[in-house]
Amino acid sequence: MLSIYHFDDSGPDRTCTCVNVSPFLSFCDVCLRLPLFLRWEEEKCTDGSKWRFLEHKGPVFPPPYEPLHARPYQAMKLSPGAEEVATFYAKMLDHEYTTKDIFRKNFFKDWRKSKITELKKCDFTEMHEYFKAQPEARKQMSKEEKQVKNECILQEYGYCVMDNHRERIGNFRIEPPGLFRGRGDHPKMGKLKRHIRPEDIIINCSSQDSVQPKAPPGTRWKEVRHDNKVTWLVSWTENIQGSIKYIMLNPSSRVKGEKDWQKYETEEVLKKCVERIRAQYREDWRSKEMRIRQRAVALYFIDKLALRAGNEKDEGETADTVGCCSLRVERISGKDYIHYYNKVPGEKSVRQSKYNIELILKEEKTSILNKHLQELMDGLTAKVFRTYNTSITLQQQLKELTSPDDNIPEKILSYNRANRAVAVLCNHQRVPPKTFEKSMHNLQTKVPVIKIAISHLNSDRREKETALCSMTYCLLLSSLHRCKKWGVPIEKIYNKTQREKFAWAIDMTDEDFEF
DNA sequence: CGTGGAGAGTCAGCCGTGTATAA
DNA sequence: CTTATACACGGCTGACTCTCCAC
């Protein structure tokens, strides 16, 4: 039974009561009122509001910098600010980032508000050693001491009250300052991510009846607003890309759970009409209109290759990564493309129309594509295809790989193998972590016979990781179903966080379920 | 009507930490 | 029993998707 919250208007302290009811029951069998999910649905909230009451304590700021009085540059004394920025670099000395020119250049540019002229002449090793020793020092602090401290902060700042429910907040801590780590060859890597002050913070909460969060002594918030059309509690603008950051609720919360449920339902609808959509885009490959051909091939890639949509981005400002709609001709002839291409035998009409492919990917825009998808099916967007195909593949694989006589470990193994198939579809590829390579090396030198096992180990690891990261909803339900059917403990497949997030799905799975 | 940009929300990889397990 | 290694977990945050609205 799923724990669905219901309103408890009688309580003096506005906390919720959890009652075990199925989301498909009309009424809670204890208080005889509608469960929250359904009530929300019932009352429709057509104005698009996400909540009626919201109260929280605001964010937790990182502790202020404590100067070390270190002198990494020719014994020169640094201001506390300059010294702090230096510590960010010193902490990363072991990281590959600090070997990259762009990283160093950006860091140095932001740091040299001081009179330091050459990075090469700086010696960060002393500071580096200091920080390396920190985990040791922290270990000295007693375990309970740490836990109690953390627990207090969590209890005070880690929860909010939204519509009578005490809900867990996802990230209630402000991002600490540091050096920006972009992904890939990011042109801004190494730039200083500055301190966020209360004056940068926008608070969102109820206007009446709620206690508003207090800014730290001697400071004030940038703004306090009362916007119940959004779900965030706190926001600020980050200084590297100028984008907005938010504090929002935990995945186990009502607002997030409802969203997930909705997505699951969209997948269900797609299942019913996917063949129609496929037939249509195949036909569109031969359209007289170029735009339609473009659209159809883009859609084909998204469907067949589980590509992401991939929006246009500012060149020179952002990471160098690509998706379907931003694929360019030069990339198509490149290795990446061949790599994908080889995985798609058949569908000759796409392959033969070289002319198609070149234009399509160059000019098709995500927004246009999404508009088209919306016409094909209500709620359909590019990424729904990705999750849908993931689900279907997993389900098929599970069916193929599992036999009723398997014992539980065998069933867990086949689950992991099925996940590998899913990973292939999504083209997940990960570099094994460095520590892994190292331990592999040790194995190889010690016991040569073990070599044979190495490839297995390697793939097992990937399967596990994939199991953790390719969570979608039909996929989720079909694997939950399998657990129930074969008596595999759910705990063996999903960890605590995942089980909390998908409490609603775990409950609605029964043995007859099939995606 | 199309487009660009801001805002909101989701996804996913990395990494530190704590714990289980092996040596 | 102690120490070292492996592993799992969860927090963090950059990247991405999608929507909406002003122009």
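Lettering of chains follows the sequences in order, A, B, ..., and the numbering in each one begins at 1. What you see below is based on every heavy atom in this structure, not just the backbone, and it leaves out hydrogens, waters and symmetry mates.
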Rounded to the nearest angstrom, tell me the gap between atom NZ in A:Lys50 and atom P in B:dA8. 9 Å
Whole-Å distance, A:Phe180 CZ to C:dG14 C1', equals 6 Å
Please determine if a side-chain N or O atom of A:Gln241 lies less than 4.0 Å away from the OP1 or OP2 oxygen of C:dA15. yes
Provide a list of protein-nucleic acid N or O atom pairs under 3.5 angstrom, restricted to nucleotides 21-23 of chain C.
none

Audit row: A:Lys245, A:Glu238, salt bridge (charged side-chain N to carboxylate O under 4.0 Å, His left out) steps and yes/no: CA-CA 7 Å; A:Lys245 299 274 193 172; A:Glu238 150 272 346; 5.9 Å; no
Length of the line joining A:Trp236:CH2 and B:dA6:P, which is rounded to integer Å: 19 Å
When you check the phosphate oxygens OP1 and OP2 of C:dG14, does a side-chain N or O of A:Lys245 lie under 4.0 Å from one of them? yes
Proximity of A:His186 and A:Phe180 rings by center, below 6.0 Å: yes
What nucleotide among C:dA15, C:dT13, B:dG9 has an atom nearest to a side-chain atom of A:Val230? B:dG9
Can you tell me if A:Lys229 touches the phosphate of B:dA8, counting only side-chain N or O atoms and a distance under 4.0 Å to OP1 or OP2? no
Starting from the 5' end of DNA chain B, give me the residue, A:Tyr97 or A:Val255, whose nearest nucleotide shows up first. A:Val255
By nearest-nucleotide position on DNA chain C, the 5'-leaning member of A:Asn250 and A:Leu179 is A:Asn250
Checking contacts here: which listed nucleotide (C:dC18, B:dG9, C:dG14) is nearest the side-chain heavy atoms of A:Thr381? C:dC18
What is the distance, rounded to the nearest whole Å, between atom CG of A:Asp94 and atom C1' of B:dC15? 13 Å
Looking at B:dC15, which nucleotide sits across from it as a Watson-Crick or G-U wobble partner, both distances under 3.5 angstrom, or is there none? C:dG10
note: A:Leu249, atom CG; B:dA8, atom P; distance rounded to Å ~ 15 Å
For B:dC14, does OP1 or OP2 lie under 4.0 Å from any side-chain N or O of A:His95? no
Interatomic spacing from OG1 in A:Thr381 to NZ in A:Lys371 - rounded to 0.5 Å: 15.0 Å
Round to the nearest Å and state the distance from A:Arg173 atom CZ to B:dG16 atom P. 17 Å
Which nucleotide wins on minimum distance to the side chain of A:Ile244, given the candidates B:dA8, C:dT13, B:dC15? B:dA8
Which of these, A:Val230, A:Leu233, A:Asn228, A:Val224, sits in a side-chain contact (heavy atoms from CB on, under 4.5 Å) with A:Asn204? A:Val230
Heavy-atom closest contact (A:Val255 atom, A:Lys50 atom, distance): CG1-O, 4.0 Å
Looking at every strand, decide which applies to A:Ser235 at a 4.0 Å heavy-atom threshold: base, sugar-phosphate, or nothing. nothing
Distance, rounded to the nearest Å, where A:Trp232 contributes CH2 and B:dG7 contributes C1': 10 Å
Identify the two heavy atoms, one from A:Met189 and one from A:Gly184, that lie closest to each other, and give their separation to 0.1 Å. CE-O, 3.6 Å
Phosphate oxygens OP1/OP2 of C:dG14: is one of them under 4.0 Å from a side-chain N or O of A:Ser243? no
Residues at least two apart in sequence or cross-chain that pass ring pair (Phe, Tyr, Trp, His ring centres under 6.0 Å) with A:Tyr97, listed by chain then number, are A:His95, A:Phe103
Of the options C:dG11, B:dT10, B:dC15, whose atoms approach the side-chain atoms of A:Arg168 most closely? C:dG11
Is A:Lys259 close enough to B:dG9 that one of its side-chain N or O atoms is under 4.0 Å from OP1 or OP2 there? no
Restricting to ring pair (Phe, Tyr, Trp, His ring centres under 6.0 Å), what partner residues turn up for A:Tyr89, sequence neighbours left out? A:Phe107, A:Phe124
Separation of B:dC11 atom P from A:Arg183 atom CZ, nearest Å, is 15 Å
Looking at every strand, decide which applies to A:Pro176 at a 4.0 Å heavy-atom threshold: base, sugar-phosphate, or nothing. sugar-phosphate
